[in-house]
Amino acid sequence: PVGNNGRTASYNWYIPKFVAEEDPSLASSYGLSGEKNRRKLARRFERPFSWEQYCQQISSDQCQTPDETALRPPQDAAEGGSYFSGDSDYPNFRGYFNATPENDCDAYPTNCTGHIVNYECKQSTFVVAQAHWLNISLKSSGPEANGAGGYPNAALLQIWHAANATNSSVMIYYANTNPAQLPFQGTPFEFQRILLPDPTAECLANRVSQEDRCSSDPIRQVGSPLGSCNTDLSSLKKYVI
């Protein structure tokens, strides 16, 4: 038989606890939305660089000389695509965040954005639609092929570890029941949930479909404005043998 184990699961937007303490307005969609907050988000939430990107674009000698960010070049494509690698205390690649042209509000005052770490479109994610219809100037800049900017599953926690190691501000879409959050409890990088509009039956019925999320058409990716609320809570199941 299958029963309810009393726990509920949902995917939420999160920032580190220290970011919420420094600027409590960031813990709610009310403090994120609108043109008045565009520059604030673009300044605060810079883009993460992969190990390969750091060595090729930032390091003066392609990471041949160890520095505080990378001890060596990546040895293969998997390492090159990682955003944090190695032991938490002595990482081979500590991670790196920097502003890119997407963050440049002087050059692009009407479409500059801060960064949010999002899943790939095949996952149950509504970040693209939420950011668009709630008028929040955040965008994920991962390698996903359809232009939606999603990251592979493994990259999400790597980016959080990188932010922790470099004391960088970060925003992420993540599951509230993922045990990977537990080591950060009681630290400045404890996951602080951002409050978005509560889910309603109408909103849930108008969620953008996976087919549209994975479309290369930006209009299809955002779906209907009626579907831009927070995710609903679903009960976790337990199996009784």
(request) Check Leu32 against Leu41 and note the closest heavy-atom contact, atom names and distance. (result) O-CD1, 3.5 Å
(message) Keeping Ser50 on the side-chain end and Gly81 on the backbone end, is there a donor-acceptor pair under 3.5 Å?
(response) no
(request) Report the distance from atom NZ of Lys17 to atom CZ of Phe184, rounding to the nearest 0.5 Å. (result) 14.5 Å
(message) Using every non-hydrogen atom in the two residues, find where Pro73 and Cys55 come nearest and quote the distance to one decimal.
(response) CA-SG, 4.2 Å
(message) Minimum heavy-atom separation for Pro183 and Ala180, please, with both atom names.
(response) CD-O, 3.2 Å
(request) Could you tell me whether the side chain of Ser228 and the main chain of Ala129 form a donor-acceptor pair under 3.5 Å? (result) no
(request) Spell out, as yes or no, whether a donor-acceptor pair under 3.5 Å connects the side chain of Gln53 to the backbone of Phe49. (result) no
(message) Given 3.5 Å as the limit, does a donor-acceptor pair link the side chain of Trp51 with the main chain of Arg72, or not?
(response) yes
(request) Scan Tyr151, Phe126, Tyr11 and name whichever one has a ring-ring contact (aromatic ring centres under 6.0 Å, His included) with Tyr119. (result) Tyr11
(request) Kindly compute the distance separating CD (Gln123) from CZ (Arg213), expressed to the nearest 0.5 Å. (result) 9.0 Å
(message) Looking at every non-hydrogen atom in both residues, tell me the closest pair between Ala42 and Cys105 and how far apart they are.
(response) CB-SG, 3.5 Å
(request) Mark yes or no for whether Lys40, through its side chain, and Gly31, through its backbone, hold a donor-acceptor pair below 3.5 Å. (result) yes
(request) May I ask whether Tyr14 and Tyr83 are part of the same hydrophobic cluster, defined by side-chain heavy atoms of I, L, V, M, F, W, Y residues being less than 4.5 angstrom apart, directly or through others? (result) yes
(message) Strictly distance-based, threshold 3.5 Å: is any side-chain N or O of Asn118 a donor or acceptor partner for the main-chain N or O of Gly142?
(response) no
(message) Would the distance check show the side chain of Glu52 and the main-chain N or O of Pro74 forming a donor-acceptor pair, the cut-off being under 3.5 Å?
(response) no
(request) Of all the heavy-atom pairs spanning Asp87 and Asp89, show the shortest one and how long it is. (result) OD2-N, 2.8 Å
(request) Check salt bridge (charged side-chain N to carboxylate O under 4.0 Å, His left out) between Glu68 and all other residues, then give those that pass, not counting sequence neighbours. (result) none
(message) If hydrophobic clusters are built by linking Ile, Leu, Val, Met, Phe, Trp and Tyr wherever their side-chain heavy atoms come under 4.5 Å apart, do Val128 and Leu134 end up in the same one?
(response) no
(request) Would you name the heavy atoms of Tyr108 and Asn111 that are closest together and state the gap between them? (result) CB-OD1, 3.0 Å
(request) With sequence neighbours excluded, tell me which residues meet side chain to side chain donor-acceptor pair (under 3.5 Å) with Ser141. (result) Arg47, Glu102
(message) Strictly distance-based, threshold 3.5 Å: is any side-chain N or O of Asn135 a donor or acceptor partner for the main-chain N or O of Ser33?
(response) no
(message) Taking Phe45's backbone N and O only, do any of them form a donor-acceptor pair with Asn103's side chain (distance below 3.5 Å, no angle check)?
(response) yes
(message) If we count only N and O atoms by modelled type, under 3.5 Å, do the side chains of Ser215 and Asp217 hold a donor and an acceptor together?
(response) no
(request) Evaluate whether atom CZ of Phe18 has more than 12 neighbouring non-hydrogen atoms of other residues, nucleotides or ligands under 6.0 angstrom away. (result) yes
(request) Please indicate whether Ile219 has more than 12 foreign heavy atoms, meaning atoms of other residues, nucleotides or ligands, lying under 6.0 Å from its CD1. (result) no
(message) Can you confirm whether the side chains of Ser59 and Asp61 place a donor and an acceptor under 3.5 Å from each other?
(response) yes
(request) Report the distance from atom CG of Leu196 to atom CH2 of Trp13, rounding to the nearest 0.5 Å. (result) 5.5 Å
(message) Quick check for you: to the nearest 0.5 Å, what is the distance between Asn230 atom CG and Ser29 atom OG?
(response) 9.0 Å
(message) Hydrophobic cluster membership, with links at side-chain heavy-atom distances under 4.5 Å among I/L/V/M/F/W/Y: are Phe97 and Ile15 in one?
(response) yes
(message) Count I, L, V, M, F, W, Y as connected when their side-chain heavy atoms are under 4.5 Å apart, and connections chain through other members. Are Val208 and Val222 then in the same cluster?
(response) no
(message) For the aromatic rings, using the six-membered ring if either is Trp, is the centroid distance between Tyr96 and Tyr54 under 6.0 Å?
(response) yes
Donor-acceptor pairs under 3.5 Å, side chain of residues 159-173 to any protein atom, not counting sequence neighbours: which ones?
residue	atom	partner	partner atom	Å
Trp160	NE1	Phe189	O	3.3
Thr166	OG1	Ala162	O	2.7
Thr166	OG1	Ser168	OG	2.7
Ser169	OG	Arg44	NH1	3.1
Tyr173	OH	Ser124	O	3.0

(message) Quick check against the 3.5 Å criterion: does Gln181 have a side-chain atom that pairs as donor or acceptor with the backbone of Ala175?
(response) yes
